[in-house]
Amino acid sequence: MWGRAIVTNRWSLLLLLGIGFSHVTPVFGANPDSVPVADMRHIKKFVAVEVQTQGTAEKLGISAAELTDVTRVTLLNKVPGIVLEASSGPSLDATERLNQLGFFTCEVWTVGEQYIAAYHVDCNAGSYTPQKTPGSLWNQAILGYGPRDEVSDAVRKGVRAMVELFASTFAGVRADGGGR
């Protein structure tokens, strides 16, 4: 139960608990089986795939642009037959129905830059709603901490694992729903 509180309250509770830091350790991961994903079977292309960083990420060598590139390549490799369009959302003159346009976004938060750093990676994916806003159908998050020199690698691996988990879920939904 307190794992959920860590994610909900982000860093404040983690820091108040005074958890000992010894190595890069993921603390919390959500259950992928509890996600309502049936509407993802309509997605024909992704129009928004990006990773944003906050906190001390850049000081730790975690680049939003690099993570976005890795995310896009991994998504293309893991989800065959799906197009990635270089944009930040649905266009005004899109010929596709909005529920056919997908998104995959992650936010990476980091705290600390001296000896120990904590990180939180939160990824969302799904299709757009009639209001042209993302309708979150899939969400996973991880929380970890460790020596500052190891956190950037842990974040990269965490983001890649999230993309692979989403790709697996997405492929399963498409196979079950016929992709139509």
Side-chain angles (χ1 to χ4, degrees), residues 2-11 14 19 21-41 43 45-84 102-112 116-127 134-176:
W2 67 263
R4 185 171 175 82
I6 288 174
V7 172
T8 303
N9 294 325
R10 303 229 195 280
W11 306 113
L14 177 65
I19 295 173
F21 301 117
S22 60
H23 61 284
V24 176
T25 307
V27 176
F28 178 79
N31 179 359
D33 297 329
S34 64
V35 181
V37 293
D39 287 341
M40 286 195 299
R41 71 179 177 275
I43 294 174
K45 67 180 173 181
F46 285 87
V47 295
V49 177
E50 82 174 312
V51 178
Q52 296 178 352
T53 58
Q54 296 183 27
T56 59
E58 298 291 329
K59 293 178 182 176
L60 295 172
I62 301 170
S63 163
E66 176 192 338
L67 288 174
T68 295
D69 290 345
V70 167
T71 299
R72 289 177 178 163
V73 168
T74 304
L75 192 61
L76 280 172
N77 288 333
K78 298 290 181 177
V79 184
I82 292 293
V83 176
L84 243 127
F103 66 91
F104 183 92
T105 60
C106 295
E107 288 191 68
V108 174
W109 292 278
T110 60
V111 173
I116 300 300
Y119 63 91
H120 179 246
V121 178
D122 187 3
C123 297
N124 293 290
S127 58
S136 187
L137 298 172
W138 184 92
N139 173 264
Q140 297 292 307
I142 57 174
L143 179 64
Y145 59 90
R148 82 177 298 282
D149 296 339
E150 297 175 17
V151 167
S152 65
D153 191 44
V155 166
R156 283 183 194 88
K157 288 178 182 176
V159 169
R160 184 176 176 89
M162 295 289 208
V163 177
E164 290 174 355
L165 180 60
F166 169 72
S168 174
T169 303
F170 184 68
V173 167
R174 291 193 62 183
D176 291 343

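Model, not experiment: these values are computed from the prediction.
- Residues F103 and N124 form a side-chain contact, since some pair of their non-hydrogen atoms from C-beta on lies under 4.5 Å apart.
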Worked check of side-chain contact (heavy atoms from CB on, under 4.5 Å) between V70 and R156: CA-CA 9 Å; V70 167; R156 283 183 194 88; over 6 Å; no
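- Of the possible polar contacts, none joining the D122 side chain to the C106 backbone as a donor-acceptor pair under 3.5 Å is found.
- Listed by chain and residue number, nothing satisfies the side-chain hydrogen bond (donor to acceptor under 3.5 Å, both in side chains) test with T68 (two or more places apart in sequence, or in another chain).
- The two residues K59 and R148 have their closest heavy-atom pair at O-NH2, 3.3 Å.
- Between F104 and F166, the ring planes lie tilted relative to each other; the angle falls in the 30° to 60° range.
- With rounding to the nearest 0.5 angstrom, the CZ atom of R160 is 11.5 Å from the CG atom of L75.
- Closest heavy-atom contact between S63 and T53: C-CG2, 4.5 Å.
- Here the CG-OG1 distance, from L84 to T71, works out to 10.5 Å after rounding to the nearest 0.5 Å.
- The salt bridge (charged side-chain N to carboxylate O under 4.0 Å, His left out) test applied to D153 returns K157, not counting sequence neighbours.
- The closest donor-acceptor contact from the side chain of T110 to the backbone of G55 lies at 3.5 Å or more, if one exists at all.
- T105 has its side chain out of reach of Q52: every pair of non-hydrogen atoms, C-beta onward, lies at least 4.5 Å apart.
- The side chain to side chain contact (heavy atoms under 4.5 Å, CB included) with E107 is formed by just one residue from the set H120, Q54, E50; it is Q54.
- Contact record, A117 with G112: CB-O, 3.6 Å, taken as the closest heavy-atom pair.
- The two residues I43 and I82 have their closest heavy-atom pair at O-CD1, 3.6 Å.
- Using a 4.5 Å heavy-atom threshold, the side chains of V155 and L60 count as separate.
- Residues Y119 and I62 fail the side-chain proximity criterion, which asks for heavy atoms closer than 4.5 Å.
- Across all their heavy atoms, W138 and M162 have their closest contact at CH2-O, 3.5 Å.
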